[in-house]
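Take a look at the structure below.
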Amino acid sequence: MWSKGHELKYWNKTGLKKGTSIYTKYVEALSMNDYDYDGKTIGDIGCGPFGGIFSCETLKLEGSDSHVAVDLLADEYNRMKSSPVEIIYGDLSKQLPFEDGYFDYLVCTNAIDHIPKVKH
């Protein structure tokens, strides 16, 4: 069963470099560099300690209005100072702190497997 302690232990043992390289592969596989982010709000739910897609040097997001990284472990990850953006607390088992339609683009690649009740 997943726990906060398990996740923090994983990142401390594995290292953040592995995580950022995984997200670079996601960006490439999803052809995210082909999208126009000018004036858009982009979110990464379950971004991990490194800010998820926002850690990818290959992804050009300069034209976007907002980069929103969200994770259940936001406080712990912000203390690690490993993300290029501030991470906001969000629990996928509960209501997220955003109105419907808030994001133009949303990525969630490493969070659903941590939810005890996925149907929620």
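Position 1 is the first residue of the sequence, and the numbers go up from there. What you see is a predicted model; the values in this text were computed from it and never measured.
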Checklist line | For E28, all residues meeting side-chain hydrogen bond (donor to acceptor under 3.5 Å, both in side chains), sequence neighbours excluded | finding: none

Checklist line | Sequence-distant partners of T109, side-chain hydrogen bond (donor to acceptor under 3.5 Å, both in side chains), two or more places apart | finding: Y23

Margin query: For F98 and V68: C-alpha separation, side-chain torsions, deciding distance, then whether side-chain contact (heavy atoms from CB on, under 4.5 Å) applies.
Written below: CA-CA 11 Å; F98 307 100; V68 183; 3.7 Å; yes

[X] [atom1] to [Y] [atom2] distance, which is reported to the nearest 0.5 Å:
{"X": "L73", "Y": "I87", "atom1": "CG", "atom2": "CD1", "value": "9.0 Å"}
{"X": "F54", "Y": "S83", "atom1": "CZ", "atom2": "OG", "value": "8.5 Å"}
{"X": "I45", "Y": "D91", "atom1": "CD1", "atom2": "CG", "value": "11.0 Å"}
{"X": "C108", "Y": "I53", "atom1": "SG", "atom2": "CD1", "value": "11.5 Å"}
{"X": "L61", "Y": "D38", "atom1": "CG", "atom2": "CG", "value": "11.5 Å"}

For [X] against [Y], the heavy-atom pair lying closest together:
{"X": "G51", "Y": "C47", "answer": "C-CB, 3.7 Å"}
{"X": "M32", "Y": "V107", "answer": "CE-CG2, 3.7 Å"}
{"X": "L59", "Y": "N33", "answer": "CA-OD1, 3.2 Å"}
{"X": "A74", "Y": "I88", "answer": "CB-C, 3.6 Å"}

Next item on the list: Run through I42, T41, D44 and flag the one making a side-chain contact (heavy atoms from CB on, under 4.5 Å) with F103.
Entry: T41

Margin query: Are the side chains of Y89 and L72 in contact, using a 4.5 Å heavy-atom criterion?
Written below: yes

Check: Who passes ring-ring contact (aromatic ring centres under 6.0 Å, His included) against Y105, sequence neighbours left out?
Finding: Y35, Y37

